[in-house]
Structures are given as C-alpha cells and as structure tokens.
There are 2 protein chains.
Amino acid sequence: MALGKNYDGQDCSLAKALELIGERWTLLVIRDALYGVRRFGDFLAHLEIPRAVLSQRLGMLVEAGLFTRRRYQESPPRDEYVLTEIGQELWPTVYTLAKWGERHLSREPMRLFHHVGCGAELDQGAVCPPCGVRPALSQIEVRPGPGLDREKRDQVTLALRQPHRLLEPLLP
Amino acid sequence: MALGKNYDGQDCSLAKALELIGERWTLLVIRDALYGVRRFGDFLAHLEIPRAVLSQRLGMLVEAGLFTRRRYQESPPRDEYVLTEIGQELWPTVYTLAKWGERHLSREPMRLFHHVGCGAELDQGAVCPPCGVRPALSQIEVRPGPGLDREKRDQVTLALRQPHRLLEPLLP
DNA sequence: CACCATAGTTCATTCATCGAACCGACCGTG
DNA sequence: CACGGTCGGTTCGATGAATGAACTATGGTG
C-alpha cells in the first residue's frame, strides 16, 4: 500500500501504531527481523522491495526506536539493523495476524513455531499449550511447514528451510 | 498512504493477510466495526476518511468475506456493514497492536477493555486474568480511559464515552 | 414543491511506490 | 595501482493510489 502516513484525527493508540508500522512493507521488514535478518541486502533480496523504500523504512524504524543500527565490521564498514525491545514486542501482533492469514487465506501452514524447551507447537495466541506460557522469542523456533514455497532461491529463504530460533542471526 | 496492494513474491500468510487488511485505513475500519459501527456515514464521520476510499474498502472487505452487507430498512433503503466471523477473528491482532501502541506511543490508555462477567481488565494478550480465558467479543466491554480525546464530536466518539459491548450496534 | 439526509461516484491534484540507473566506499586480484 | 566486483545506498521519471471537493441518486419531510 501506500499508506499515507498520518491519521491525524484519530486520538487512538491503534492509529498511532499504524502511523509507524502501517505503511506498506513495514510489517514484513519487522517479520524478517524477527526471523533473524539483519542486513540491508538480505531484506532486499528476501522481500523484493524497492531499495529506496527499504532505505526509507529502515531509517524511519531506527528513528522511531524499533531498530538499532549497529556497525558490525569496520572494513569495509557494514551496519546491521537489529530489533530493539520495543520492536520485539510486535511479535504477538505479527504472529496472530499471520495465524489469521493462515486459517483463512492459505491451505497449509508455511512455517511452524515451536517452543524450544518442550517442542510443542504454539497455539493461536502464541502460547505453548503444555507449558501454558508465552515463550520468550529466544525460546521459539521457526520450522518449515508443509505449505512452504519451493520457488524462491534467496539466501534468507534457503536458510529458513532449516529450523531456526527467532532473532538469531540467520546468515553469517 | 497508498499501500500498493500485492506482495507477489511473498509466499507467506502474513503477506496474504496484509494484502487484505494492510492497506491504509482498513484496520481502522475493522476496529470501528468491532466497536459496533455499522453505517457508512458513521465510519465516515468517525474516521474522517475520504468517501471514495471508504467505499472502495468496504466493497473489498465484503468481497473478501470479512464483512456482510445487509439491508436493515427498506424505505428509504439502507444497508449496514457487519463483521463476519472471519472479520471478528482479527480482534486479537487489533487488540495486541493497540496495546503495543498504548505502551510505547501514548501516555495514558484511551480505552479500557473489561470482561463483562467479572469486571476485570484484559491483559496484554486479551486474556481476562482472574478467569484465565479469552472472553468472546460479546463478553468484552469498552470503557473510556483516562487519556481519552475531548475534541471530537461525532456520534461515534460521543457514544463511546459510555461503556459499551463490542459488536453491539453503537448507534440507533 | 423545496429542502434535507444518506450513500455513493466522478474528477483533478497531490503524494507514494516502483524499478532502473547511478554513485561512492572499499576489497581482492594481477 | 588500474580493474572489476560487492555492498549500501541515492536519484529520478513513470505509474498508481489517496485526497477532498463537487456532483448524483434516492427517498423522506414539511
């Protein structure tokens, strides 16, 4: 979409949230970051998003405090974009929306989310049914599901063919 | 904004969900419908959305099965837009995102959500803490919170100054 | 009949996205 | 040290969506 950006009249926390993360592509960038994507080029290849838009979105998300930009090597200088605590707290929103899409718009799940401790699959509310808790992100593993795409060949897609913990860097 | 509409490459249930509800204004329309707004003119006045956009969105949401359009009086002919079961299932997404916005972007909550049975306020996961369940929508009451807007004067805003059950028609 | 209300559609302007081309820093190689 | 390649951007013209004001259609009200 192009979400124009502001919802001026709406004195509502949902509208404020949407001013930040409601623009086209933004929530997909955050989803990728939850999966462990960190570098500009990896977001670019996985999302097939125009470079200018990705650049604008990452800049805005850093500005808003959802990501930090961190130099991870000096020569050549390279930065990575990592979710802050605030950004990480969007996980329940991302998860419940993806589950909704899965129930109503897909035939089979493309990814499955499991609690690392006990191995059980998370329920609709991101709770681990046997344990009765919402696991921390570091205790959640993404696994490929039966409906998974076979077409895409970018590094991120390939890396996600293996089970992987959320937030762990996905690529070297 | 303009959210372009499709995320072609993304074989992912989140992307499919965003193709439906990721466009500008769409999630706010759904939030209003959860509050009990049903008529074209009420969405219009409360959201201050351009008429053409509201018309396009409602048409698309009916098409997609998130709303039904129902004639509620014959003379003059008037239709109302009501959430289907599928649309209602977006409640957890809407709620968790609004709560996120409340924690990080507002000082005080503008609306509070209580379980009708026991009167307790819902937690971050839309669960009623004493009861340990996620109440059905009909068992949730929206109440005005301390941060509430005093400016707006449209019918919907005024009606929401009183406690009100979700989905119950907000206006006569 | 004049006038109002509701629910739209039409249309010109403005603004965001798109995608290809370009840029600049740095590396490795010969 | 020239050459080509990679990474992470910025720039720019074309396209498409959102905006807001004006207009249409239908039916009621006084």
Side-chain angles (χ1 to χ4, degrees), chain A residues 1-10 15 18-29 32 37-63 67 69-82 154-156 171-172, chain B residues 1-10 15 18-20 22-29 37-63 67 69-82 154-156 171-172:
Chain A
M1 90 188 162
L3 293 179
K5 354 203 81 156
N6 48 246
Y7 296 99
D8 280 341
Q10 299 300 307
L18 288 172
E19 289 181 7
L20 279 184
I21 60 134
E23 289 179 290
R24 181 155 159 82
W25 296 110
T26 305
L27 209 56
L28 293 177
V29 171
D32 272 17
V37 176
R38 298 181 163 203
R39 289 195 294 268
F40 190 90
D42 296 329
F43 287 110
L44 199 64
H46 188 228
L47 294 174
E48 300 177 278
I49 177 180
R51 312 168 78 83
V53 175
L54 178 59
S55 181
Q56 190 277 331
R57 295 293 188 276
L58 286 171
M60 179 231 99
L61 289 167
V62 168
E63 183 84 10
F67 280 80
R69 180 175 183 164
R70 187 168 69 196
R71 178 133 311 178
Y72 67 94
Q73 76 177 27
E74 288 298 335
S75 167
R78 292 283 180 263
D79 294 351
E80 60 184 6
Y81 297 90
V82 185
D154 65 274
Q155 293 299 309
V156 173
L171 295 168
Chain B
M1 96 177 169
L3 293 176
K5 354 200 82 152
N6 46 242
Y7 297 100
D8 280 341
Q10 299 301 309
L18 288 172
E19 288 182 7
L20 279 183
E23 289 180 291
R24 182 155 157 82
W25 296 110
T26 305
L27 210 56
L28 293 176
V29 171
V37 176
R38 298 183 162 201
R39 288 196 294 269
F40 190 91
D42 294 330
F43 287 109
L44 199 65
H46 187 229
L47 294 174
E48 300 177 276
I49 177 179
R51 312 168 79 83
V53 175
L54 178 60
S55 181
Q56 190 277 330
R57 294 292 188 276
L58 287 170
M60 179 228 100
L61 289 167
V62 168
E63 182 85 10
F67 279 80
R69 181 177 181 162
R70 187 169 68 197
R71 178 134 310 179
Y72 69 94
Q73 76 177 26
E74 288 299 334
S75 167
R78 291 283 181 262
D79 294 349
E80 61 185 5
Y81 297 89
V82 185
D154 64 275
Q155 293 299 309
V156 173
L171 295 169

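Order of the sequence lines fixes the chain letters, A, B, ..., with proteins taken first and strands second; residue numbering starts at 1 for each chain.
The residue among B:Arg69 and A:Glu74 whose nearest nucleotide of DNA chain C lies closer to the 5′ end is B:Arg69. Mapping A:Arg78 and A:Ala52 onto DNA chain C by nearest heavy atom places A:Ala52 closer to the 5' end of the strand.
Nucleic acid contact class of A:Phe43 (heavy atoms, under 4.0 Å, all strands): none.
Summarising the local packing, CD of A:Gln73 is surrounded by more than 12 heavy atoms from other residues, nucleotides or ligands at distances under 6.0 Å.
At whole-Å resolution of the value, CD in A:Glu23 and P in C:dT17 are 6 Å apart. Spacing between atom CZ of B:Arg71 and atom P of D:dT26 amounts to 13 Å, rounded to whole angstrom units. Atom-to-atom, CZ of B:Arg57 to C1' of D:dA18 comes out at 8 Å; the value is rounded to the nearest Å. Spacing between atom CG of A:Leu44 and atom C1' of D:dC7 amounts to 10 Å, rounded to whole angstrom units. We find that CG of A:Asp79 is positioned 9 Å from C1' of D:dG8, with the value rounded to whole Å. Distance, B:Glu80 CD to C:dA7 C1': 14 Å, rounded to whole Å. The separation between B:Ile49 atom CD1 and D:dA17 atom C1' is 13 Å, rounded to whole Å. Rounded to an integer number of Å, the gap from B:Arg39 CZ to C:dG8 P is 13 Å.
Between A:Arg39 and A:Glu80 there is no salt bridge, since no side-chain nitrogen of the basic residue lies less than 4.0 Å from a carboxylate oxygen of the acidic one.
Using a 4.5 Å cut-off on side-chain heavy atoms (C-beta onward), B:Arg24 and A:Leu18 make no contact. A 4.5 Å side-chain heavy-atom check between B:Tyr81 and B:Leu61 finds every atom pair outside the cut-off. B:Arg38 is not listed as a side-chain neighbour of B:Asp42, based on a closest heavy-atom distance of 4.5 Å or more.
The shortest distance between the side-chain N/O atoms of A:Trp25 and the OP1/OP2 oxygens of C:dC18 is below 4.0 Å. Remark: B:Ser55 is in phosphate contact with C:dT9, judged by side-chain N or O atoms under 4.0 Å from OP1 or OP2. OP1 or OP2 of D:dG9 has at least one side-chain nitrogen or oxygen of A:Tyr81 nearer than 4.0 Å.
Closest to the B:Ser75 side chain, of the nucleotides C:dC18, D:dG27, C:dG8, is D:dG27.
With hydrogens and angles ignored, no donor-acceptor pair closer than 3.5 Å exists between the side chain of A:Arg24 and the base of C:dA16. Residue side chain A:Arg51 reaches the base of D:dG8 through a donor-acceptor N/O pair under 3.5 Å, judged by distance alone.
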